[in-house]
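The block underneath contains the structure these notes are about, expressed in structure tokens.
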Amino acid sequence: WDLMQNPYKNPIGAVVSEYVSNSFDAHAEAEFIKENSLSDIRTEYGIYRDATDAEILELKKWMEIYDNDPVHVTLGKDDSGEFWSTEDFGVGLSPSRVRDVFCSYLKSTKENTNNVIGAFGLGSTSGLSYTDIVYIRTRYNGTEYNYFFRKGEKTPRLDKVSESSTKERNGTQIKIYLKTTKNQWGTVVSDKSRFEKECRKQLVYFDNVYFQGCNIDNEYTIYRGAHWLKSSNKSPFRGMHMCIGKVAYPIDWDNLDTEEEYFEVALRFEIGELDIIQTREDVKYTPRTKQAIKDKILFLKEEMK
């Protein structure tokens with residue numbers, strides 16, 4: 001449990017990347033449910049295989065208003081202090097799915113699809129690598145639930161705080177309160193600047209985000225080629241790097257056994273094309289992955305010619 005509770009080298013980066021990825025996954029699932037048949041939904045998302053037709057049709061009814069809404073990423077302040085949050089307007093979480101998502105380590109609801117970013121069953125608990133309590137508000141088919149997800153001695157604890165009816169559309173908000181530390185001059189400061197930095201770095205290729213209080217311009221453009229990406233916002237890494245789905249990664253040129261390229265774009269990979277480690281913080285340099293990166297560099301050079 002100690003290993004599972006904090007497996008990340010960069011907890012703040014993991015919080016930003018993992019929870020915003022989950023928000024985008026919720027939107028991808030909402031769009032798929034809205035546009036596809038019951039049999040296709042059961043095939044693509046295994047969690048619906050045992051659901052009744054009536055349950056899926058009810059969810060499809062709530063998804064009718066989904067319209068490619070942006071994910072909201074916020075750095076703000078309320079009565080309890082400064083916080084970071086991500087909010088989606090996708091499928092929402094039923095009570096049983098909340099338990100499956102937050103209390104089942106290494107068990108993922110996404111492992112059989114490349115339509116979404118997550119797969120390993122670790123990302124939903126990434127907040128506990130930074131703080132003791134993660135606040136969850138989710139709306140699912142006319143009911144709003146509020147939870148505390150917190151550390152425990154042997155397992156994580158999920159406590160339902162409230163349940164009430166709502167007319168708001170489905171969706172989930174994850175909120176984490178920022179910790180404070182003393183800087184080199186002894187002044188107590190919050191982690192706001194660190195969260196700002198990680199939002200700029202981790203979310204540079206997330207193309208449908210509305211930033212609030214993050215010191216990031218919402219008028220950004222992501223340019224796409226057949227084999228590359230480049231954002232009008234600052235590049236997250238020096239020189240050439242990679243983007244898998246929407247998540248940016250540096251290239252370990254020593255591990256790749258090839259000469260470094262300094263062309264400042266991201267090599268564009270679809271989810272599933274490369275192997276990544278289970279925390280999703282880095283690429284796993286298997287022979288398959290190394291060859292795919294080398295091939296992509298050649299494709300990029302031909303495209304640029």
Exercise for the section: Mind checking salt bridge (Lys or Arg N to Asp or Glu O under 4.0 Å) for E58 and listing every partner two or more places apart, or none if nothing turns up? Expected result: K61
Handout entry: T43-D40 side chain donor-acceptor pair, cut-off 3.5 Å
Key = no
Handout entry: Verdict with reasoning, R137 to E87, per salt bridge (Lys or Arg N to Asp or Glu O under 4.0 Å)
Key = CA-CA 9 Å; R137 185 196 69 207; E87 183 174 9; 2.6 Å; yes
Exercise for the section: Kindly say whether the aromatic ring centers of F32 and Y45 come within a distance under 6.0 Å. Expected result: yes
Handout entry: Test log, rule side-chain contact (heavy atoms from CB on, under 4.5 Å), inputs D191 and W84
Key = CA-CA 10 Å; D191 283 335; W84 176 89; over 6 Å; no
Handout entry: Straight-line distance of L75 CG to C214 SG, nearest 0.5 Å
Key = 4.0 Å
Problem - ring pair (Phe, Tyr, Trp, His ring centres under 6.0 Å) involving H72 - partner list, sequence neighbours excluded - result: F89, Y210
Problem - Contact list for residues 158-167, test salt bridge (charged side-chain N to carboxylate O under 4.0 Å, His left out), sequence neighbours left out - result: R150-D159, R157-D159, K160-E163
Practice task
Compute whether any side-chain donor of one residue and acceptor of the other, for S126 and S129, lie under 3.5 angstrom apart.
Solution key: no
Problem - Exercise: do D88 and Q173 side chains pair donor with acceptor under 3.5 Å - result: no
Problem - F263: ring pair (Phe, Tyr, Trp, His ring centres under 6.0 Å) partners, not counting sequence neighbours - result: none
Problem - Shared hydrophobic cluster for L57 and Y48 (ILVMFWY, side-chain gaps under 4.5 Å) - result: yes
Exercise for the section: Report the distance from atom CD of E270 to atom SG of C243, rounding to the nearest 0.5 Å. Expected result: 9.0 Å
Exercise for the section: Can you establish whether the number of heavy atoms outside D50 located under 6.0 Å from its atom CG is more than 12? Expected result: no
Handout entry: Path from F195 to V189 over hydrophobic side-chain contacts below 4.5 Å
Key = no
Fill in the blank from the handout: CG (L267) and CG (L229) are apart, to the nearest 0.5 Å, by 9.5 Å
Handout entry: Contacts of type ring pair (Phe, Tyr, Trp, His ring centres under 6.0 Å), residue H241, not counting sequence neighbours
Key = Y205, F237
Exercise for the section: Indicate if M304 and Y262 have the same hydrophobic cluster label, given that clusters are the connected sets of ILVMFWY residues with side-chain heavy-atom separations under 4.5 angstrom. Expected result: no
Exercise for the section: Under 4.5 Å between side-chain heavy atoms, chaining through other members, with only Ile, Leu, Val, Met, Phe, Trp and Tyr counted: pull out the rest of the cluster around F148, sorted by chain and number. Expected result: F83, I133, Y135, V161, Y177
Problem - Under 3.5 Å side-chain donor-acceptor pair for T86 and S23 - result: yes
Handout entry: Donor-acceptor contact present, side-chain T138 to main-chain L93, <3.5 Å
Key = yes
Practice task
Check step by step if side-chain hydrogen bond (donor to acceptor under 3.5 Å, both in side chains) holds for N10 and E198.
Solution key: CA-CA 10 Å; N10 178 7; E198 291 300 334; 3.2 Å; yes
Practice task
Verify side-chain contact (heavy atoms from CB on, under 4.5 Å) between L59 and E55, making sure each step is shown before the conclusion.
Solution key: CA-CA 6 Å; L59 186 55; E55 289 171 332; over 6 Å; no
Practice task
Any chance you could measure Y249, atom OH, to I244, atom CD1, to the nearest 0.5 Å?
Solution key: 5.0 Å
Exercise for the section: Kindly say whether V91 contributes a backbone atom to a donor-acceptor pair with the side chain of E29 at under 3.5 angstrom? Expected result: no
Practice task
Just jot down the side chain to side chain donor-acceptor pair (under 3.5 Å) partners of S17, sequence neighbours excluded, or say none.
Solution key: none
Handout entry: salt bridge (charged side-chain N to carboxylate O under 4.0 Å, His left out): pairs with one or both residues in residues 285-299, sequence neighbours excluded
Key = D257-K290, D275-R288
Problem - Between S164 and E144: side-chain donor-acceptor atoms closer than 3.5 Å - result: no
Problem - Pair I277-V283, side-chain contact (heavy atoms from CB on, under 4.5 Å): steps then yes or no - result: CA-CA 6 Å; I277 64 175; V283 170; over 6 Å; no
Handout entry: N/O donor-acceptor pair under 3.5 Å between R169 side chain and R139 backbone
Key = no
Exercise for the section: Find out if a path of hydrophobic residues (ILVMFWY) with successive side-chain heavy-atom gaps under 4.5 Å connects Y66 to I41. Expected result: no
Exercise for the section: Please check if the side chain of K192 supplies one atom and the backbone of G76 the other of a donor-acceptor pair under 3.5 Å. Expected result: no
Problem - E82 CD to S190 OG distance, which is reported to the nearest 0.5 Å - result: 3.5 Å
Problem - Connected-component partners of L298 among ILVMFWY, side-chain separation under 4.5 Å - result: none
Practice task
Could you tell me whether K179 atom NZ has more than 12 heavy atoms of other residues or ligands within 6.0 Å of it?
Solution key: yes
Exercise for the section: Please indicate whether K34 has more than 12 foreign heavy atoms, meaning atoms of other residues, nucleotides or ligands, lying under 6.0 Å from its NZ. Expected result: yes
Handout entry: R194, CZ atom: more than 12 neighbouring heavy atoms under 6.0 Å
Key = no
Practice task
Determine, using ring centers only, whether F206 and F211 are less than 6.0 Å apart.
Solution key: no
Fill in the blank from the handout: For E261, the salt bridge (Lys or Arg N to Asp or Glu O under 4.0 Å) test, sequence neighbours excluded, returns K301
Handout entry: Qualifying salt bridge (charged side-chain N to carboxylate O under 4.0 Å, His left out) pairs, either residue in residues 201-219, two or more places apart
Key = D207-R224, D207-K246
Exercise for the section: Indicate if I251 and F299 have the same hydrophobic cluster label, given that clusters are the connected sets of ILVMFWY residues with side-chain heavy-atom separations under 4.5 angstrom. Expected result: no
Completion exercise
When rounded to the nearest 0.5 Å, the distance separating CD1 of I56 from CG of N36 is 11.5 Å
Practice task
Please check if any side-chain donor atom of W253 sits under 3.5 Å from a side-chain acceptor atom of E259, or the reverse.
Solution key: no
Problem - Check: D69 main-chain N/O paired with N208 side-chain donor or acceptor under 3.5 Å - result: yes
Exercise for the section: Name all pairs fulfilling the salt bridge (charged side-chain N to carboxylate O under 4.0 Å, His left out) condition that reach into residues 226-239, sequence neighbours left out, sorted by first residue then second. Expected result: R238-E260
